[in-house]
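Encoded as structure tokens, the structure appears first; notes follow it.
Every chain is numbered from 1 and lettered A, B, ... according to where its sequence line falls, protein lines coming before strand lines.
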Amino acid sequence: MNKNDLRNKMQSGFLEAAPDVYEAVLKAAEKNRLLVQDTEFQEKDEKNRLLTQDTQSWKAEGLIGGSIEKDTCKEQGASSKGNVIWGNFSKYVLSACAGFALFFICLFGMLGKNEESIYVVMDINPSIQIVMNESCQVRALQGLNQDGKNVVNKLEWKKKDSLFQTVDVLLEDVVKDSYLREGNGILVTVFTEDKALYQDLETSLATKIDGKLEVLEVSHVTTAFQFVEGGSAQMGRKLLEAELAENTGADKEKLQQMTVMELIQYCQEATPGKLELSPLSQRQQQEVSGQIEDDKNSQKKGSVPQNTKKNSVDKEDTSVKNGANKEDTNVGNDVNKEDTDVEDGANKKEADVKGAIDNIKDKKPSQPQPESPSQPQEEPSLQEYIGSEQGVVTKDKEDKKENKNKGNKDKNNKDKNNKNKDKNNKDKTNNKDNENKDKNNKDNKNKDKNNKNNGNKDKNNKDNDNKNKNYKDSDNKINNNRDNDNKASNSSKNGRQSQ
Amino acid sequence: MQEVAAKRKVYIDKTLFERICQGDQDAFRELYELSYSPLYAFLLSYTLNAEDAQDLLQDTFVQVLNNCHLYREQGNPMAWMMTIAKNLFLMKCRKERMQGINYEDVEYQLGFDDMTNVENRLVLEKMFELLTLEDRNIIIMHDVSGLKHREIAEMTGMPLGTVITRYNRGIRKLQKEFAERRPT
């Protein structure tokens, strides 16, 4: 078969096979108004014809040039385009709406990205900055010093985790790596412009941290909160140091060398109310302050023999309080009254403390000591910073704290220990003559340490027999010291002055 | 069914689209008469189903009416219409694939049974039987639609040489088939 024959047969074959869909297409076109009605088209055609006739006549008359022809053509083109545009008007409107919607979505998306960030800086020794949004979802973690960077690198956390969840994991890691131990401090600085938000955060974070520390069995950790208005991400501790240096005039180097715990203590003494403590820390502080008062009482008692002293104090109190019962022999009541008597002396001591703090500003610091994890190691360094006088004061304070912890128990145990006291007194009186002033001082220190240990142990296990024994022994020693002090009061006073 | 024409030259005036845009129904009728059988052949080659090809043919003309203002005077108008038809077919395939229907599994229903001319019918049947889709399309585009080899190459994206080779090979196959038949 020839090529042309094939072509012809194909053409004719498809022509035969192809169905006629013209009517169906027209119906579809009418539905969609794709074809203009014949009448409209005829009208338009007539108009165009008239226009062309007019232009031709005008041209013949020489009234116009060729510009009208162009204009009419343009009009025709515009009308055809107009039909097209008008036919697709709904589509244009829809696309415009979609465009606007997209624009606004992008705009809000951009604004959403600029959502305010809240910075929480935790200074333990590793300083860690937590960046979060207003719904407490953590965005970023950053170590502000080398230890902080190490901790953050190890830390298992995810973006959009809750702040509390992250703090939970963080505390676990910090305790695990021995950055946070008993007696250390945590300074939490919140950078935000919303005070209410800070307060919410403070309460919730404080309970969270206290709870976690209890679970991790890390006691005597002071958690302090600092509010900084503004969204800048400065280091919390440095900010506090700068403020303290400005307000109290303290040396910046000294402040930098302090541990977090020392800094918190110093801040509370120098500018009370600047930091807010967590409930657990406040409780601990109240206990410590109560202990100080007890210690003051015990020091007062030390100048007079115990039995006679109680009576004399009773008498003095009752005389002051206008007609109170002079024969009040209740020991508990006695102690309370003693407390009131000693108030004046305590006030004097507090004044001494403030004076000592003021003295820091003028004095240069001693050799800096590395940040130690435990409280007992930190105390000497604090004394060094504060100076000799301050050191004495803080020692007394700490003794008082320890005694305060034991204070109530001492009172309860006093009666029980009377018998032992008598025996010990007898033994001790034999040695009284041999004891020198220096020895007394050393003994006092050793006893104080024992008291500390006893105090902690008693808190944990009151029923422990061994501890009770130590406790009793320490009480006896205190009583003996008191007796010794009574008998050699002048010598002990001289000893304290020398300290 | 339309009456069989002896020989048909496909030439579409480019001004037809302008007239259709202005609502000229006659222009549309003219365009339809010129292009409906090549378009149907082209669509049937793809779909291998007469009903689907008919539906797509209708949709193609509706699309032409709808988008006549978008036509630019570049190349053969038939190529433009065939591109519309091909795109509609691909869209239909995509829809049916999403519904779980595979076009390749559908049985042939070419609709040649009603044809009165036996020779024409035989040619078309052999064309669909022997040739591959690409060869068949090239022959339809060249012989039925009147596109030049260069235009086919531009439209399909194949090299010109490939288009010519495939066309010749397809024609030769058909010639061979009918040459073998004659003596018998």
Side-chain angles (χ1 to χ4, degrees), chain A residues 1-49 72-92, chain B residues 1-8 10 18 20-26 28-29 32-33 36-41 44 50 53-55 57-62 64-66 68-69 110-112 114-117 119-124 127 139-140 142-144 171 174-175 177-179 181-182:
Chain A
M1 194 181 283
N2 194 0
K3 207 175 184 180
N4 286 331
D5 290 342
L6 267 176
R7 184 183 296 167
N8 289 335
K9 281 179 181 172
M10 273 191 279
Q11 280 181 356
S12 54
F14 278 118
L15 200 64
E16 192 183 344
D20 190 7
V21 291
Y22 182 71
E23 294 300 323
V25 172
L26 276 185
K27 278 181 186 175
E30 275 173 20
K31 268 188 185 178
N32 299 327
R33 293 190 172 187
L34 295 173
L35 274 174
V36 188
Q37 295 296 321
D38 286 345
T39 51
E40 288 177 24
F41 180 74
Q42 283 168 2
E43 282 172 11
K44 276 184 186 177
D45 206 25
E46 277 178 17
K47 272 184 185 178
N48 289 336
R49 196 158 37 81
T72 51
C73 291
K74 276 181 187 174
E75 273 176 18
Q76 284 176 17
S79 65
S80 65
K81 277 182 186 174
N83 285 333
V84 170
I85 291 167
W86 189 249
N88 295 324
F89 181 72
S90 59
K91 284 182 184 176
Y92 292 135
Chain B
M1 287 287 165
Q2 298 284 314
E3 284 183 8
V4 180
K7 193 175 178 182
R8 195 161 179 265
V10 181
E18 280 180 21
I20 291 166
C21 279
Q22 290 170 10
D24 189 348
Q25 216 165 346
D26 296 334
F28 179 66
R29 178 81 200 181
Y32 174 81
E33 291 295 338
Y36 86 97
S37 71
L39 280 175
Y40 177 76
L44 191 67
Q54 190 177 337
D55 291 343
L57 182 68
Q58 189 180 329
D59 292 343
T60 306
F61 279 110
V62 172
V64 168
L65 273 177
N66 201 12
C68 59
H69 62 283
L110 298 169
F112 298 144
D114 301 334
M115 285 174 73
T116 50
N117 193 323
E119 277 195 353
N120 290 349
R121 182 182 160 186
L122 265 175
V123 169
L124 295 188
M127 189 181 172
I139 290 170
I140 288 170
H142 186 264
D143 286 345
V144 182
I171 291 289
L174 287 175
Q175 281 177 339
E177 175 67 24
F178 287 107
R181 282 191 167 227
R182 261 197 186 166

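- A ring-centre distance under 6.0 Å is found for B:Phe28 and A:Tyr22.
- B:Leu39 does not touch chain A: none of its heavy atoms, backbone or side chain, sits under 4.5 Å away.
- Interface remark: B:Val62 contributes backbone and side-chain atoms alike to the contact with chain A (heavy atom separation under 4.5 Å).
- Both the backbone and the side chain of B:Phe61 come within less than 4.5 Å of a heavy atom in chain A.
- Looking at heavy atoms from C-beta onward, B:Tyr36 lies in side-chain contact with A:Leu15 at the 4.5 angstrom threshold.
- Within the 4.5 Å cutoff, side-chain heavy atoms of B:Ile140 are placed close to those of B:Met127.
- Remark: the backbone N or O of B:Thr116 is paired with a side-chain donor or acceptor of A:Glu16 at under 3.5 angstrom.
- Looking at B:Leu110, there are no atoms closer than 4.5 Å to chain A (heavy atoms on both sides), in backbone or side chain.
- The existence of a salt bridge linking B:Arg29 and B:Glu33 is confirmed by a sub-4.0 Å separation between a basic side-chain nitrogen and an acidic carboxylate oxygen.
- B:Ile171 touches chain A through backbone and side chain together, each having a heavy atom under 4.5 Å away.
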